[in-house]
Structures are given as structure tokens and as C-alpha cells.
Amino acid sequence: MKIRMFISVPLKDPSVLEPILSDVKTIRNVRASPISQMHITMRFIGDIDDGKTGKVARCVSEAVRGMEPFTIAVRGCGCFPNPKRPKVLWVGVEPEDVLKGISDRISENLRASNIAFDEKPFKGHITIGRCNGPADLEQFLSIYSCDEFTSFLCDEILVMRSELSPKGAKHTVLERVPIGAE
């Protein structure tokens with residue numbers, strides 16, 4: 001059976017983003033992301049045979065082997081592709097270089113295992129809204145661009161299933177890959 005899969009770092013306490021999500025809901029043509037879906041996408045795989053879940057988890061495990069848990073700061077905000085034509089509204093995450101390194105190693109391991117995935121360059125972020133038409137984000141971006149929302153210990157990476165429906169996506173944890181475990 002085919003399932004839609006992605007690899008992510010969960011935000012430990014998503015409730016810290018409730019105030020900014022409340023403000024997102026006030027912006028015309030922007031749909032706020034559900035609080036239950038606050039995560040950093042490390043790699044989007046897409047449709048894959050569900051029998052390959054263990055293989056994907058091994059690719060992630062090999063990518064973080066020998067690492068210690070580390071602190072992620074959630075700060076600032078922006079949009080893709082740009083403020084003139086926004087599609088996605090996000091809050092940023094640091095350290096970008098550490099997260100990108102993990103994402104790159106996951107990518108190398110997926111390639112070596114012949115598992116296809118979305119090859120878009122990694123940009124560490126948490127999606128907080130999606131634009132459904134022109135959106136004026138200037139005031140929102142100026143208010144939140146320098147804010148630090150939280151920081152948390154990253155001690156695991158998740159292999160996730162995403163089921164799309166008219167009510168939105170439902171995310172389910174398939175595998176938990178600990179960081180710092182031998």
C-alpha cells in the first residue's frame with residue numbers, strides 16, 4: 001500500500017505559537033496551519049510503499065548516529081517565495097547549519113537506498129500559514145521578524161504519515177528516531 005510520508009522534527013510545545021497563529025488568522029487570504037501540525041520538515045518523501053518505513057527510519061538513524069541532542073531556537077518569520085507573492089508563511093529555526101547537515105545526510109542515505117524524495121534545498125522553518133490569494137504581510141512580518149518564540153531540546157526525528165482529506169492533512173507518527181542513542 002502507498003502512503004504519503006515525510007521526515008520531521010516535532011515542536012515540543014506547539015502552544016507557544018498560539019499567539020502568532022491567532023494573528024495569522026486575521027490576515028486576509030491566509031489560512032493558519034493547525035497547532036497540531038507544528039514541525040520542521042527535514043525531508044518530504046511523498047508517496048511510498050508503506051513497507052519501506054523501516055528503511056526510511058534507518059536512513060534517518062544513520063544520519064544522526066553519534067550526534068548529541070541539541071537546542072533549536074524558534075525565532076523570526078518570513079514567507080516563501082517572497083512578500084510580493086507569498087504562498088507560505090513561516091517562523092524560522094536555528095541552528096540552520098546543524099539542521100541542514102542532518103537533512104543533507106538524510107538525503108544522501110535516501111539516495112543510497114534508492115528511495116525517491118523531494119530534492120528541494122532544505123530551508124529550516126515551521127509553516128504557520130498558507131496563502132490562498134494575494135496577502136498583505138508587511139505589518140505581520142515587521143511585528144514578528146525579530147521575535148524569539150521558544151527554544152527546545154531536539155532529541156528525536158520522526159518518520160511521519162500524512163493523509164490528505166477535504167478537512168486538511170492528518171499526521172501520524174510511524175517511527176521515532178532518537179538522537180544521541182547508540
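Being a predicted model, the structure only gives us computed values, none of them experimental. Residues take their numbers from the sequence shown, with the count starting at 1.
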According to the side chain to side chain donor-acceptor pair (under 3.5 Å) rule, which pairs have a member within residues 18-36, sequence neighbours left out?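 Passing the test, one end in residues 18-36: Asp23-Tyr144.
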To the nearest 0.5 Å, how far apart are [atom1] in [X] and [atom2] in [Y]?
X: Arg176; Y: Ile157; atom1: CZ; atom2: CD1; result: 12.5 Å
X: Ile48; Y: Lys55; atom1: CD1; atom2: NZ; result: 8.5 Å
X: Ile128; Y: Ile20; atom1: CD1; atom2: CD1; result: 4.0 Å
X: Ser145; Y: Phe140; atom1: OG; atom2: CZ; result: 10.0 Å
X: Ser107; Y: Phe122; atom1: OG; atom2: CZ; result: 9.5 Å
X: Leu137; Y: Leu89; atom1: CG; atom2: CG; result: 5.5 Å

Let me have the donor-acceptor pairs involving side chains of residues 96-104, under 3.5 Å, with sequence neighbours excluded, atom names and distances please.
unit_1 : atom_1 : unit_2 : atom_2 : d
Glu96  : OE1    : Gly124 : N      : 3.3
Glu96  : OE2    : Gly124 : N      : 3.3
Lys100 : NZ     : Asp104 : OD1    : 3.4
Lys100 : NZ     : Asp104 : OD2    : 2.7
Ser103 : OG     : Met42  : O      : 2.9

Under the side chain to side chain contact (heavy atoms under 4.5 Å, CB included) criterion, do Arg75 and Val91 qualify, and how do the steps go? CA-CA 6 Å; Arg75 69 164 60 103; Val91 291; over 6 Å; no
Show the nearest heavy-atom pair for residues [X] and [Y], with the distance to one decimal.
X: Asn109; Y: Ala63; result: ND2-N, 3.4 Å
X: Cys77; Y: Leu141; result: SG-CD2, 3.7 Å
X: Asp49; Y: Lys2; result: N-CD, 3.9 Å
X: Cys154; Y: Val9; result: SG-CG1, 3.8 Å
X: Val16; Y: Phe149; result: CB-O, 4.1 Å
X: Cys131; Y: Ala135; result: SG-CB, 4.2 Å

Sequence neighbours excluded, which residues qualify as side-chain hydrogen bond (donor to acceptor under 3.5 Å, both in side chains) partners of Ser61?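 Once residues adjacent in sequence are excluded, Ser61 has no partner under the side-chain hydrogen bond (donor to acceptor under 3.5 Å, both in side chains) criterion.
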Of all residues at least two apart in sequence or in a different chain, which pass the side-chain hydrogen bond (donor to acceptor under 3.5 Å, both in side chains) check with Ser8? none
Should [X] and [Y] be counted in the same cluster of Ile, Leu, Val, Met, Phe, Trp and Tyr side chains packed under 4.5 Å apart?
X: Trp90; Y: Ile72; result: no
X: Leu110; Y: Phe6; result: no
X: Ile7; Y: Met160; result: no
X: Met5; Y: Val173; result: no
X: Leu158; Y: Leu153; result: no

Got a donor-acceptor contact below 3.5 angstrom from the Ser142 side chain to the Gln139 backbone?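 Yes: the side chain of Ser142 pairs with the backbone of Gln139.
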For the side chain of Asp13 and the backbone of Ser15, is there at least one donor-acceptor N/O pair under 3.5 Å apart? yes
Can you tell if the side chain of [X] reaches within under 4.5 Å of the side chain of [Y], non-hydrogen atoms only?
X: Thr41; Y: His39; answer: yes
X: Glu148; Y: Val74; answer: no
X: Glu68; Y: Ile179; answer: no

Name all residues meeting the side-chain contact (heavy atoms from CB on, under 4.5 Å) criterion together with Gln37; count only those two or more places apart in sequence or in a different chain, and write none if there are none. Pro34, Ala169, His171
Evaluate the criterion salt bridge (charged side-chain N to carboxylate O under 4.0 Å, His left out) for residue pair Asp155 and Lys12; output intermediate values, then yes/no. CA-CA 10 Å; Asp155 57 3; Lys12 295 287 188 203; 2.7 Å; yes
Arg43 with Glu119: basic N within carboxylate O range, under 4.0 Å: no
Where do Leu174 and Asp50 land on the side chain to side chain contact (heavy atoms under 4.5 Å, CB included) test, with the steps shown first? CA-CA 10 Å; Leu174 298 174; Asp50 66 350; over 6 Å; no
Other residues, nucleotides and ligands only: do more than 12 of their heavy atoms fall within 6.0 Å of CD on Glu138?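 No, the 6.0 Å shell around CD holds no more than 12 heavy atoms from other groups.
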Return yes when atom CZ of Arg105 has more than 12 non-hydrogen atoms of other residues, nucleotides or ligands closer than 6.0 Å, and no otherwise. yes
Going by atom type alone, with no hydrogens or angles, which donor-acceptor pairs under 3.5 Å involve a side-chain atom of residues 78-86 and a protein atom two or more places apart or on another chain?
unit_1 : atom_1 : unit_2 : atom_2 : d
Asn82  : OD1    : Lys84  : N      : 3.0
Asn82  : OD1    : Arg85  : N      : 2.8

Pair Arg161-Thr172, side-chain hydrogen bond (donor to acceptor under 3.5 Å, both in side chains): steps then yes or no: CA-CA 5 Å; Arg161 177 180 185 169; Thr172 309; over 6 Å; no
One pair to check against side chain to side chain contact (heavy atoms under 4.5 Å, CB included): Val64 and Ile106. What are the steps and the verdict? CA-CA 9 Å; Val64 296; Ile106 291 170; 5.9 Å; no
